[in-house]
There are 4 protein chains.
Amino acid sequence: MDAALLLFAERGYDGTTVPMIADTAEVGAGTIYRYFESKEVLVNVLFQECVTRFIGSVSRNYPHAANIRAQFTHIFGGMVRFAKDDIHALHFIETHSGARYLDPKSRETFQQLMDFLHAFVHSGKEQGLIRPLPSDALIAIVFGAFTKMFTLIRAGKITETPELLSQIEESCWDAVRVHSD
Amino acid sequence: MDAALLLFAERGYDGTTVPMIADTAEVGAGTIYRYFESKEVLVNVLFQECVTRFIGSVSRNYPHAANIRAQFTHIFGGMVRFAKDDIHALHFIETHSGARYLDPKSRETFQQLMDFLHAFVHSGKEQGLIRPLPSDALIAIVFGAFTKMFTLIRAGKITETPELLSQIEESCWDAVRVHSD
Amino acid sequence: MDAALLLFAERGYDGTTVPMIADTAEVGAGTIYRYFESKEVLVNVLFQECVTRFIGSVSRNYPHAANIRAQFTHIFGGMVRFAKDDIHALHFIETHSGARYLDPKSRETFQQLMDFLHAFVHSGKEQGLIRPLPSDALIAIVFGAFTKMFTLIRAGKITETPELLSQIEESCWDAVRVHSD
Amino acid sequence: MDAALLLFAERGYDGTTVPMIADTAEVGAGTIYRYFESKEVLVNVLFQECVTRFIGSVSRNYPHAANIRAQFTHIFGGMVRFAKDDIHALHFIETHSGARYLDPKSRETFQQLMDFLHAFVHSGKEQGLIRPLPSDALIAIVFGAFTKMFTLIRAGKITETPELLSQIEESCWDAVRVHSD
DNA sequence: CATGAATGAGCGTTCATTCAT
DNA sequence: TATGAATGAACGCTCATTCAT
């Protein structure tokens with residue numbers, strides 16, 4: 001699964017061949033089929049597993065009672081932890097969500113993630129602290145900014161430091177929050 | 001080329017077959033090879049053409065003398081115009097920049113776009129109006145947010161209106177600008 | 001189709017590979033797929049075509065008004081003509097009728113052949129000239145005897161002569177007719 | 001071996017996989033290889049065993065001194081007993097005799113069966129009681145008729161009764177005997 | 001002794017590319 | 001110039017066989 005994740009993230013589903021995965025994993029091509037019915041099943045299992053981990057990462061110990069800003073920090077921190085823990089998983093999710101070969105369960109799992117984020121955004125909007133834009137758009141802005149930025153880190157173009165991450169968080173928050181000035 | 005752009009954007013390079021392109025374009029498969037040496041050449045020509053158009057869109061009539069905010073509006077407006085003009089081209093650029101099959105010329109063309117944006121960001125940072133973050137990161141934030149958001153529009157999940165676009169612009173600007181409060 | 005017929009007859013469906021068919025037919029493996037969706041479609045088309053030809057061979061110019069013996073001669077003659085015309089087709093039908101990969105249309109086509117033979121046997125039984133055995137059994141006896149015998153001819157173990165064929169016909173007829181002694 | 005016989009008879013050698021046999025036999029796939037060097041050895045051992053049993057069935061207590069008709073009854077009875085005893089064995093022999101993967105010993109074993117039948121036919125022809133046709137042809141007629149008929153019984157299309165079997169015997173005998181009328 | 005995970009050759013099939021028409 | 005039939009390398013996948021447990 002590590003090999004598949006790496007390759008799917010780097011080359012995409014169609015650009016990754018089963019022999020490639022087998023070679024990277026240092027197993028025979030047939031072995032993969034003892035564990036996954038097909039390449040399509042593999043990508044779905046992988047996707048669900050990644051998204052589930054991602055959900056866990058952003059929702060575990062979620063400070064329900066805290067203020068929006070602290071909740072945003074929690075979510076952002078979860079995203080960072082997830083992205084750092086497995087640098088390919090985030091990109092894999094990003095590039096494969098919405099793909100034509102995802103099965104209903106994968107779509108549903110992804111929807112759970114979206115639902116979680118929607119709930120956060122909705123609550124922020126209700127409190128008048130997050131801009132009154134469509135939730136999808138707000139999520140897209142933060143998620144888009146964050147993933148593209150981590151792609152740069154993965155590619156080694158910029159170096160990830162606590163300061164940088166904290167500033168990026170500030171930047172993303174400024175993108176969605178209501179400004180009083 | 002329209003057919004190829006559409007398919008590459010929707011299914012990716014590896015998920016698009018030459019016969020698919022030929023069918024969509026309502027020409028024979030062989031005809032494509034009269035105009036493009038190979039599928040790889042086609043995707044490169046297409047990429048360069050799209051990126052060049054994109055550069056044109058954001059840089060044409062660029063207000064060199066205006067202030068940063070106005071310049072940002074110009075760039076953002078160019079991006080919107082480009083995305084609206086050919087709804088698939090932006091997504092095609094987004095998903096194919098950095099692909100392994102891009103040739104040096106494609107990479108260089110894309111770099112020209114990056115250079116243009118870098119110059120803008122650099123100037124903004126020098127004036128103390130844009131955050132002192134790595135330029136790549138700042139571009140990624142705006143670009144990432146913008147493209148993800150337009151993906152939603154393309155998918156029909158949110159409806160594009162002048163108000164929405166203006167608010168998104170504000171949001172993106174707030175993500176990169178220095179806040180005085 | 002000739003190559004496929006030959007190989008299916010000699011090695012069976014599962015024992016015949018598509019590359020084998022392509023090599024025998026002196027075409028590329030991919031070419032086969034321009035004409036047949038799959039190996040399974042190929043075997044079905046082939047089966048239907050053979051059975052249809054077989055039906056034509058035994059039913060064309062059928063002497064509806066003649067006596068049973070003459071009708072038997074006509075059918076037997078049709079079988080001989082068919083078997084001689086394409087020595088593999090009969091064996092192909094014989095070994096593939098009832099196979100798990102035959103589609104409904106193939107089964108129906110084969111049933112048409114059976115129906116034709118049933119009608120003949122039924123009429124003979126009604127006239128008291130053919131034994132009062134299940135029609136299926138009577139057909140099996142003649143068909144079984146005939147095909148096994150032609151397998152020998154195909155294998156070169158016995159030589160086909162008009163006299164031999166006439167004697168085999170007599171033998172088959174004696175197997176199904178009512179004997180007055 | 002029962003599992004293998006069943007599957008080879010129903011799906012043919014090439015259509016039967018070793019895991020299929022293992023599953024049907026409720027053993028591990030590897031276990032089969034403790035008893036048979038290869039799938040090919042298995043089919044040969046099975047073939048030889050079946051043919052040997054068949055020979056036993058038709059030749060045990062053979063009435064050497066009796067007349068041809070009684071000998072025919074004996075052989076036919078042996079065939080019936082064999083076919084009833086193991087409903088798949090006869091079909092397995094029928095469909096696998098002459099197969100490309102049979103080894104010399106299998107071919108020789110089958111030849112012993114043929115020799116036994118040849119001897120019977122030869123003796124009958126010498127006595128002027130069996131038609132002066134090639135022995136192979138005569139055997140093919142009886143064997144072909146018999147096996148095709150038993151295939152129907154196996155498939156449940158006709159029901160086997162002593163009367164039916166006796167009539168089939170008569171029919172087969174009429175196919176090979178010399179008729180005085 | 002029995003197992004079943006692992007293997008990789010070879011299956012059925014696809015598709016980028018060529019070329020006669 | 002435009003075509004699409006033909007190609008064969010390489011795909012996703014299966015399965016006869018091996019071998020550590």
Side-chain angles (χ1 to χ4, degrees), chain A residues 4 7 11-23 25-43 101, chain B residues 4 7-8 11 13-23 25-43 101, chain C residues 4 7 11-23 25-43 101, chain D residues 4 7-8 11 13-23 25-43 101:
Chain A
L7 288 162
R11 310 177 49 98
Y13 176 75
D14 293 304
T16 301
T17 71
V18 174
M20 258 177 214
I21 300 170
D23 282 358
E26 291 181 330
V27 298
T31 303
I32 289 169
Y33 288 88
R34 290 200 68 75
Y35 300 95
F36 305 99
E37 234 171 279
S38 66
K39 187 187 171 188
E40 207 165 314
V41 166
L42 169 55
V43 81
Y101 38 77
Chain B
L7 288 163
F8 285 151
R11 312 178 47 96
Y13 176 75
D14 294 302
T16 301
T17 70
V18 175
M20 257 179 215
I21 299 169
D23 282 0
E26 293 181 331
V27 299
T31 305
I32 289 170
Y33 285 85
R34 293 199 64 74
Y35 297 95
F36 305 98
E37 229 172 286
S38 68
K39 187 186 170 188
E40 207 165 315
V41 167
L42 168 56
V43 80
Y101 37 76
Chain C
L7 288 163
R11 310 178 49 99
Y13 176 74
D14 293 305
T16 301
T17 71
V18 173
M20 258 178 213
I21 299 170
D23 282 358
E26 292 179 330
V27 298
T31 303
I32 289 170
Y33 288 85
R34 290 200 68 75
Y35 299 96
F36 305 98
E37 233 172 280
S38 68
K39 187 187 170 189
E40 207 165 313
V41 166
L42 168 56
V43 80
Y101 36 76
Chain D
L7 288 163
F8 286 152
R11 309 176 49 96
Y13 175 74
D14 293 302
T16 302
T17 71
V18 174
M20 255 179 215
I21 299 170
D23 283 359
E26 292 179 334
V27 297
T31 305
I32 288 169
Y33 286 84
R34 293 199 64 74
Y35 298 95
F36 305 98
E37 231 172 283
S38 68
K39 187 186 171 189
E40 205 164 316
V41 167
L42 168 56
V43 79
Y101 38 75

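Per chain, numbering begins at 1; letters A, B, ... match sequence-line order. Keep in mind it's a predicted model, so treat the numbers as computed, not measured.
- Among the nucleotides F:dA16, E:dG12, E:dA6, the one closest to any side-chain atom of D:Thr17 is F:dA16.
- The CZ-P distance, from A:Arg11 to F:dA10, rounds to 14 Å in whole Å.
- For the pair D:Asp23 CG and E:dG4 C1', the computed distance is 11 Å after rounding to whole Å.
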Show the atom names and distances, to 0.1 Å, of all donor-acceptor pairs under 3.5 Å that link a side chain in residues 11-21 of chain C to residues at least two apart or in another chain.
from    : atom 1 : to       : atom 2 : distance (Å)
C:Arg11 : NE     : C:Gly15  : O      : 3.0
C:Arg11 : NH2    : C:Gly15  : O      : 3.3
C:Tyr13 : OH     : C:Glu40  : N      : 3.4
C:Asp14 : OD1    : C:Arg100 : NH2    : 3.3
C:Asp14 : OD2    : C:Arg100 : NH1    : 3.4
C:Asp14 : OD2    : C:Arg100 : NH2    : 3.1
C:Thr16 : OG1    : C:Leu7   : O      : 3.2
C:Thr16 : OG1    : C:Gly12  : O      : 2.7
C:Thr17 : OG1    : C:Met20  : N      : 3.1

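- For D:Ala29, the side chain to side chain contact (heavy atoms under 4.5 Å, CB included) criterion is met by D:Ala22, not counting sequence neighbours.
- Within 4.0 Å (heavy atoms only), C:Val18 reaches at least one base atom of the nucleic acid.
- Positionally, the nearest nucleotide of DNA chain F for B:Gly28 lies more toward the 5' end than for the other of C:Gly28 and B:Gly28.
- As rounded to whole Å, 12 Å separates atom C1' of E:dA6 from atom CD1 of A:Ile32.
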Quiz item: Under a cut-off of 3.5 Å for both distances of each Watson-Crick or G-U pair, what dot-bracket string does DNA chain F give, using [ ] for crossing pairs and | for inter-strand pairs?
Solution: .||||||||||||||||||||
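- Between B:Glu26 atom CD and F:dT3 atom P there is a gap of 11 Å when expressed in whole angstrom units.
- Comparing B:Thr16 and A:Gly30 along DNA chain E, the residue whose closest nucleotide (by nearest heavy atom) sits nearer the 5' end is A:Gly30.
- Atom CG of A:Asp14 and atom C1' of F:dG12 are 12 Å apart (whole Å).
- Near-neighbour residues of DNA chain F inside residues 33-43 of chain D, defined by a heavy atom below 4.0 Å, number-ordered: D:Tyr33, D:Ser38, D:Lys39.
- Rounded to whole Å, atom C1' of E:dT17 lies 13 Å from atom CD1 of B:Ile21.
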